[in-house]
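Letters go in sequence order (proteins before strands), and every chain restarts at 1. If you're wondering where the values come from, they're calculated on a predicted model, not measured in any experiment.
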Amino acid sequence: MARYNPKDIEPKWRQAWTDADAFRAVADRSKPKYYVLEMFPYPSGRLHMGHVRNYAMGDVIARFKRAKGFAVLHPMGWDAFGLPAENAAMERGVDPKAWTYENIDRMRSELKELGLSIDWSREFATCDVDYYGKQQAWFLDLFERGLVYRKESVVNWDPVDQTVLANEQVVDGRGWRSGAVVEKRKLNQWSMRITDYADQLTDDLKALDRWPEKVRVMQENWIGRSKGLKFRFHFAHARAGEEMESARAGGAAPDGFADGLEVYTTRPDTLYGASFVGIAADHPLAAAVAARDPAAAAFIDECRKGAATEAEIETAEKKGYDTGLRVKHPFDPAWELPVWIANFILMDYGTGAIFACPAHDQRDLDFCRKYDLPVRPVVLPPGEDAAAFRVGDEAYVGPGTLYNSDGLDGLDIEAAKAEAIRRIEAQGDGEGATVFRLRDWGVSRQRAWGCPIPVVHCPTDGVVPLPKSALPVAHPADIEFSKAGNALERHPTWKHTTCPKCGGPAVRETDTLDTFVDSSWYFARFANPHAAEPIDKSEADYWLPVDQYIGGIEHAVLHLLYARFVTKALADDGQLSVREPFAGLFTQGMVTHETYRRQTGEWVEPKDVEIVAEGNTRRAALAGSGEPVVIGDIEKMSKSKKNTVAPEEIFEVYGVDAARLFVLSDSPAERDVQWTSGGVQGAWRFVTRVWDEFDSQPADVAAAEPDAELRRATHKLIRQVTEAIDGFRFNSGIARLYEFLNLLKANPAKGASPAVLAARQEALSAFARLIAPFTPHLAEECWARIGGEGMVVAAPWPTFDAALTEDSTKVLPVQVNGKRRGEITAPAGAEPAEVEAILKADADIAAKLEGLTIRKIIVVKDRIVNIVAA
RNA sequence: GCCGCCGUAGCUCAGUGGUAGAGCGCAUCCUUGGUAAGGCUGAGGUCGGCAGUUCAAUCCUGCCCGGCGGCACCA
């Protein structure tokens with residue numbers, strides 16, 4: 001018996017696949033197509049276990065679909081722009097471009113070692129001039145369509161990375177990459193009008209039925225569509241005894257607010273419960289008030305200081321300032337409401353102004369209790385008595401019937417909303433409106449290592465987009481990265497050019513595009529990465545949408561939302577036919593590992609730790625010294641906690657197949673998997689045992705009627721594994737393979753009857769093909785060993801005979817009053833009467849029923865029998 | 001606070017309205033010419049708690065407890 005040696009066998013088959021060009025994607029219109037894509041990696045230079053799991057999953061799907069007869073596209077590329085290259089440049093004085101391409105080379109060879117069934121002829125990096133030049137082309141198209149604009153706005157500024165961040169990239173008040181507390185700055189920024197698509201982006205989520213519910217919910221929350229009413233309050237008079245600008249002007253309204261104060265509400269039904277009108281501290285009206293009221297100005301200053309982080313905002317006490325201004329209630333001109341500046345109102349949501357109904361909104365209630373403003377309930381909960389119902393410290397937000405509300409009385413909430421909107425619209429004071437939490441996508445980044453924005457600034461013509469003939473706008477070769485900030489801006493000559501409109505001197509835009517722009521369309525470029533146009537529409541029409549996209553949940557909002565937006569925008573521009581990029585999405589779990597620390601608190605790498613089992617507990621010590629080590633929590637593998645395991649070291653010891661098998665086998669694909677050395681050893685033992693089983697099969701098996709039982713088990717296995725892969729239940733498919741291997745071992749080739757040998761031959765032929773998606777190298781070696789035709793990569797997926805997956809007889813447990821008391825054997829599909837006959841003939845069961853009267857016999861076909869007796 | 005996921009063997013996790021499973025770990029034994037290995041056998045579980053539906057609940061429903069994730073002064 002030759003021992004299985006992955007070090008020789010695995011490279012041999014990888015070479016054979018390359019020689020056969022086995023994974024080239026061909027748009028064969030006679031076949032159904034399947035596009036499987038894993039989120040492309042950032043070329044950090046090093047493969048980690050998370051990559052192994054991610055790409056192994058995609059590879060399982062790709063190999064499976066190929067065997068099932070699909071034309072498969074399974075490409076790979078590099079998300080190659082971004083800060084790490086600039087940081088490396090600053091720290092080590094290397095050229096970001098050279099650094100990035102070296103990393104790509106290293107990672108490519110590591111990825112190839114994984115044996116992935118990728119069409120490498122389609123590979124590109126987003127930092128390739130060809131790629132980002134095409135990106136500049138469609139950027140100009142969207143500019144022309146008005147989907148790209150530039151304006152001065154308050155932005156999130158990351159003081160460490162020295163760049164602007166999109167709202168999506170600010171997490172708990174900190175930069176998503178640097179972790180630095182984000183500052184607010186006013187800058188001229190390029191933005192994309194993702195808000196134009198807010199409705200579609202919400203509505204189309206419903207059709208994404210192969211996306212995880214969780215991701216759809218997260219996107220829906222992020223876009224945050226709400227329906228309500230926008231309307232204007234008209235000003236009444238100023239507070240008595242004070243000199244108001246508005247009063248001096250002879251009217252009730254301050255300058256600039258002659259049309260009134262516009263507010264947004266989702267609860268127009270509660271208008272009769274209004275207590276005050278509130279505006280944000282940043283509201284223009286607040287500024288107008290502050291201009292002549294130092295106390296107001298002081299209050300506004302205080303508000304600005306307070307709100308630094310989300311956590312502080314959340315716990316901040318509600319504070320307000322009565323401006324003295326009064327507005328008229330829209331349904332009762334005699335009813336006046338005070339206008340307050342309040343610290344809990346956000347300027348960038350809705351109109352930055354609200355009307356407060358304390359009885360039915362907790363924030364408003366807290367505010368009114370503090371400042372002793374009236375609380376008037378207008379929604380009566382079901383079953384409550386109108387005379388007795390009071391609101392204490394808890395606002396009532398449930399369903400009910402309107403009261404205290406004049407013409408709205410008696411209506412339910414939805415009817416009252418509709419009626420209030422109708423009345424406001426009839427008065428000409430406002431209209432029903434949809435408001436989104438989503439903001440436009442700020443895409444300017446003050447960094448050099450990104451896609452240059454293809455416009456110039458001309459003193460005569462202003463902002464001028466370049467003609468497409470001037471593309472690509474490439475980086476200069478000699479960028480100086482010794483200092484922080486934008487190296488493109490600093491470059492002595494690059495930005496100086498001529499205006500395409502007037503021919504005079506002009507300056508290039510030195511901002512580059514957010515790297516999320518790069519990843520918002522790469523899947524479409526894979527359809528034909530060599531096309532002259534950004535997207536080869538004919539090829540894209542064949543391959544798109546991506547049938548199965550696989551990646552981490554961390555991109556649930558950012559990348560996936562941007563990609564959906566760009567797809568829709570390019571579709572509207574006629575460059576794409578699909579309106580959604582990813583028909584199926586799978587978010588895989590992370591690879592985790594135990595953490596280890598010395599008594600001193602220092603993290604220790606797993607390879608330096610020895611684990612000793614003592615009964616059912618485990619103890620850890622430093623390898624070598626024996627110094628005790630504390631076993632900590634199981635966490636995502638990370639350099640900072642030193643709980644990583646290097647894939648190449650695992651490949652070296654156990655081979656690629658064992659590593660692939662383990663990360664797929666030990667937990668469901670969407671959940672985290674805990675890496676353990678015992679686990680990968682188990683996978684390795686499976687690999688060797690599989691090989692032993694194939695190796696023990698004689699080369700010449702005589703034709704014979706195969707053993708029926710083993711044959712049934714084989715067909716059952718084919719069915720189970722096929723269904724498991726289809727359902728992304730790789731772990732349970734692998735569990736079935738483990739069980740089946742045990743069955744094969746129970747029917748060894750040595751001394752087997754011709755019938756068993758023949759059945760084994762059929763079983764092994766299927767088995768080699770069933771393991772191919774998981775352990776492709778082992779599968780090829782096994783396939784060759786039993787004389788399979790060609791390579792497994794070209795072999796069709798095994799099929800099963802449904803009749804053979806069912807047993808001919810069934811063992812039915814017999815329950816008496818729900819407790820198991822015995823079992824009987826009946827033919828498959830036996831009718832209740834037949835089963836009852838068998839039951840009555842059974843002496844054992846009869847004994848159990850001694851002295852009892854049978855009330856009822858329940859027969860569940862092929863499953864169980866329950867006798868109800870007393 | 002709202003939404004979602006999870007709770008099954010010592011550990012990590014499958015699974016099913018009807019006989020409780022796998023890998024690892026543990027124990028016993030075999031092998032000592034696969035040997036920094038291989039194999040046999042076995043122990044171990046009120047399926048988080050309570051109630052309901054049902055002939056029958058680990059599975060369905062409700063409530064509760066515990067853990068994780070997302071969102072959150074969004075009017």
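When the nearest nucleotides of RNA chain B are assigned to Ile354(A) and Val217(A) by heavy-atom distance, the more 5′-ward of the two goes with Val217(A). Each of Ser665(A) and Thr266(A) was assigned the nucleotide of RNA chain B with the nearest heavy atom; the assignment lying further toward the 5' end belongs to Ser665(A).
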(request) Show your reasoning for whether side-chain hydrogen bond (donor to acceptor under 3.5 Å, both in side chains) applies to Asn643(A) and Thr595(A). (result) CA-CA 5 Å; Asn643(A) 62 336; Thr595(A) 51; 5.9 Å; no
(request) Check the pair Ser665(A) / Tyr738(A) against side-chain hydrogen bond (donor to acceptor under 3.5 Å, both in side chains), numbers first and verdict last. (result) CA-CA 10 Å; Ser665(A) 68; Tyr738(A) 269 75; 5.0 Å; no
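The separation of rU8(B) from rG49(B), taken at their P atoms, amounts to 10 Å, rounded to a whole angstrom. For the P atoms, the distance linking rA43(B) with rU28(B) amounts to 15 Å, nearest Å. rU61(B) and rU53(B) have their P atoms separated by 16 Å, with the value rounded to a whole Å. The gap from the P atom of rC47(B) to that of rC59(B) amounts to 10 Å, rounded to the nearest Å. As rounded to the nearest Å, rC2(B) and rC63(B) have P atoms that lie 12 Å from one another. Here, rG39(B) and rC24(B) have their P atoms 10 Å apart, quoted to the whole Å. Comparing rC5(B) with rC13(B), their C1' atoms are spaced 15 Å from each other, to the whole Å. Comparing rU12(B) with rU54(B), their C1' atoms are spaced 34 Å from each other, to the whole Å.
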Give every donor-acceptor pair under 3.5 Å between a side-chain atom in residues 724-731 of chain A and any protein atom, sequence neighbours left out.
none

Enumerate all atom pairs, one protein N or O and one N or O from nucleotides 35-40 of chain B, separated by less than 3.5 Å.
| residue | atom | partner | partner atom | Å |
| --- | --- | --- | --- | --- |
| rU35(B) | OP1 | Arg3(A) | NH1 | 3.4 |

I'd like a list of close polar pairs between nucleotides 68-71 of chain B and the protein, N/O only, cut-off under 3.5 Å.
| residue | atom | partner | partner atom | Å |
| --- | --- | --- | --- | --- |
| rC71(B) | O3' | Arg437(A) | NH2 | 3.4 |

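Shown here are the side-chain contact (heavy atoms from CB on, under 4.5 Å) partners of Pro284(A), two or more places apart in sequence or in another chain: Phe257(A), Met347(A). Qualifying side-chain contact (heavy atoms from CB on, under 4.5 Å) partners for Asn156(A), counting only residues two or more places apart in sequence or in other chains: Leu165(A), Asn167(A), Val170(A), Val182(A), Lys184(A).
Residues Lys214(A) and Thr587(A) have side chains not in contact (no heavy-atom distance under 4.5 Å, counting atoms from C-beta outward). The side-chain heavy atoms of Lys319(A) and Trp340(A), taken from C-beta on, include no pair separated by under 4.5 Å. The shortest side-chain heavy-atom distance between Thr351(A) and Val435(A) does not fall under the 4.5 Å cut-off.
As rounded to whole Å, 15 Å separates atom C1' of rC74(B) from atom CG of Asp282(A). Between the NZ atom of Lys227(A) and the P atom of rC74(B) there is a distance of 20 Å, rounded to whole Å. Regarding Ile734(A), its CD1 atom lies at a distance of 15 Å from the C1' atom of rU12(B), rounded to whole Å. As a whole-Å value, the separation of Phe686(A) CZ from rG23(B) C1' is 12 Å. Rounded to a whole Å, the CD atom of Glu723(A) is 14 Å from the P atom of rG15(B). Regarding Leu737(A), its CG atom lies at a distance of 20 Å from the P atom of rG21(B), rounded to whole Å. rA75(B) atom C1' lies 13 Å from atom CE of Met347(A), rounded to whole Å. Here the C1' atom of nucleotide rC73(B) and the NZ atom of Lys370(A) are 14 Å apart, to the nearest Å.
Few gaps surround NZ on Lys370(A); more than 12 heavy atoms of other groups in view lie less than 6.0 Å from it.
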(request) Both distances under 3.5 Å, Watson-Crick or G-U wobble: on that basis, could you give the dot-bracket string for RNA chain B, with [ ] for crossing pairs and | for other-strand partners? (result) (((((((..((((....[..)))).((.((.......)).)).....(((((..]....))))))))))))....
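Ring centers of Phe662(A) and Trp684(A): at least 6.0 Å apart, outside the cut-off. Note: Phe367(A) and Phe276(A) meet the aromatic proximity criterion, with ring centroids under 6.0 Å apart.
When distances are taken from the side chain of Phe344(A) to each of rC13(B), rC74(B), rC73(B), the shortest belongs to rC73(B).
The side chain of Tyr349(A) contributes an N or O atom lying less than 4.0 Å from OP1 or OP2 of rA75(B). Look at Arg736(A) and you won't find any side-chain N or O under 4.0 angstrom from OP1 or OP2 of rA22(B).
Of the charged side-chain nitrogens involved, at least one lies within less than 4.0 Å of a carboxylate oxygen, so that Glu652(A) and Lys7(A) count as a salt-bridged pair.
When heavy atoms are screened at a 4.0 angstrom cut-off, Thr676(A) is found touching no nucleic acid atom at all.
Residues Met57(A) and Phe586(A) approach most closely at SD-CE2, 4.3 Å, considering heavy atoms.
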